[in-house]
Number of protein chains: 2
Amino acid sequence: MAGAAGDRRNASEGEPVTLGESAYQRLRADIVVGTFKAGEPLRLEALRQRYGLSFSPLREALMRLQSERLVSSTALRGFSVAPLSRSEIEDATETRILIESEALRRSMRNGDDDWEAGIVAAFHALNLQVERQRVAGTVEAADLFAMEERHHHFHQALIAHCNSPRLLELADQLYVETQRYRLPNYFGGTLGKRRRDAAAEHRAIMDATLRRSDDAVRLLADHYRKTAEIIEASIEWPTPK
Amino acid sequence: MAGAAGDRRNASEGEPVTLGESAYQRLRADIVVGTFKAGEPLRLEALRQRYGLSFSPLREALMRLQSERLVSSTALRGFSVAPLSRSEIEDATETRILIESEALRRSMRNGDDDWEAGIVAAFHALNLQVERQRVAGTVEAADLFAMEERHHHFHQALIAHCNSPRLLELADQLYVETQRYRLPNYFGGTLGKRRRDAAAEHRAIMDATLRRSDDAVRLLADHYRKTAEIIEASIEWPTPK
DNA sequence: GCTCGACGTATTTTCGAAAATTTGCTCTTG
DNA sequence: CAAGAGCAAATTTTCGAAAATACGTCGAGC
């Protein structure tokens, strides 16, 4: 689920062919999932042991992650997991809305039949997984990753035809950033408390998009803002805001 | 002019304290200025000799530059300067407009007296340099860098109070990307042909901004689009678009 | 004449140790 | 008792060489 889609590094992506690439993917996954908590220092020796790598590929991966705002560093004091804060979450959310709104508008303008088919397919695949999980009752980690993957695909499909490599890449980056605060929340177990009907929201967004209605943009923005609100409410912050 | 403003890496920026940082700055400058042409492969051995460094800091710098779209790489085939194309320029321009329009709107909403003063000061400093250059008649490289620096500062000042670290960082990144095609054009010598009154455009943008008029956003977008058009027209492209 | 494989070279990627710098501690001094 | 100098240990950063991989050339086979 992690380093897959939306990375323009290796032509048609795939398995990490380089140790640096693998370090990047594993580190990113560990940060997103919360294995390394926000603010925690990332000591090179520890990482070297954990992943069985040498310094060079690790530093390269950390450098990359820093550019993506998952890691921060100070000159000679090493790296640490980028901190989370209310304002960071809000900034990420609003930026994501800005990017994806524009991308969605353009997609609706350019989108052809394949584009529509892609959206419908992704939506269906997402719902299958949701159903499967609802029936099973339990939440395996593997299921969760499958969910995330399909959720991501759905949102990618919406904006796929915006015809801007930059917007697509930014959207992917922001997806990962927001994953960082969505995922720990799932694990945290406030799952039952969720009165939210995400499937309905997704369907509404899809319908409006296929209709080429500007409502789609509004619904998408609401979707993201609601998510952010739920997350912010479910975390007790060290120092307010 | 290069690695200075807008980099959140070392608290209050400053001199490169690390070789990796210095490699990053020098490489970036060489790419932006056109020392390394678009598409040109960046051989590590050559870079090692040129900068007198070892592989590790070089690779780190290249990794960073790749995240900023100045460099591209393929798994085991090394790095090269990211290619330029009409569509890349257009994408960069339109993305920049999207980002800075939003940032400008927010700045106009939040901006206080200090913000206004910063804009006026930056505008004045920019004009001083323009005047100095007009009088001198010649274009030293150093003057050009001073110009770029002040130009950058002016555009930063406009959006400085948008209250979004992400938007500011994206704007800075896109500034550098567009620098890449603006600068070689200056050197190229089509300078005399420029019928454009950039100073007037800047003044109009500033005035509208201080008035908190939505015209500011339109003027800014026009400003960037016009720049892109001029550049695109002045380059003969290998394969059309 | 063309394709394909083997081989030597060029280049990238990774490693482990050396150098440089920070951090924490102790001991002095005022 | 606070402030600071001086060390030792921990950590990051850099290096140069070793390993892995891609590239180009040449020759054999069809």
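These numbers were taken from a predicted model, which means no experiment stands behind them.
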Name every donor-acceptor pair, under 3.5 Å, that has one atom in a side chain of residues 45-52 of chain B and the other anywhere in the protein, sequence neighbours excluded.
{"unit_1": "B:Glu45", "atom_1": "OE1", "unit_2": "B:Arg48", "atom_2": "NE", "d": "3.3"}
{"unit_1": "B:Glu45", "atom_1": "OE2", "unit_2": "B:Arg48", "atom_2": "NH2", "d": "3.2"}
{"unit_1": "B:Arg50", "atom_1": "NE", "unit_2": "B:Asp30", "atom_2": "OD2", "d": "3.2"}
{"unit_1": "B:Arg50", "atom_1": "NH2", "unit_2": "B:Asp30", "atom_2": "OD1", "d": "3.4"}
{"unit_1": "B:Arg50", "atom_1": "NH2", "unit_2": "B:Asp30", "atom_2": "OD2", "d": "3.2"}
{"unit_1": "B:Tyr51", "atom_1": "OH", "unit_2": "B:Asp30", "atom_2": "OD2", "d": "2.6"}

Using salt bridge (Lys or Arg N to Asp or Glu O under 4.0 Å) as the criterion, list what pairs up with B:Glu102, not counting sequence neighbours.
-> B:Arg105, B:Arg106
Reading nucleotides 11-20 of chain C 5' to 3', which nucleotides get B (base under 4.0 Å from a protein heavy atom), which S (sugar-phosphate only), which -?
-> SSBBBBB---
For A:Phe55, which residues count as a ring-ring contact (aromatic ring centres under 6.0 Å, His included) partner, sequence neighbours excluded?
-> none
What residues, two or more places apart in sequence or in another chain, satisfy salt bridge (Lys or Arg N to Asp or Glu O under 4.0 Å) together with A:Glu116?
-> A:Arg212
Side chain to side chain contact (heavy atoms under 4.5 Å, CB included) with A:Asp112: which residues, sequence neighbours excluded?
-> A:Asp114, A:Trp115, A:His161
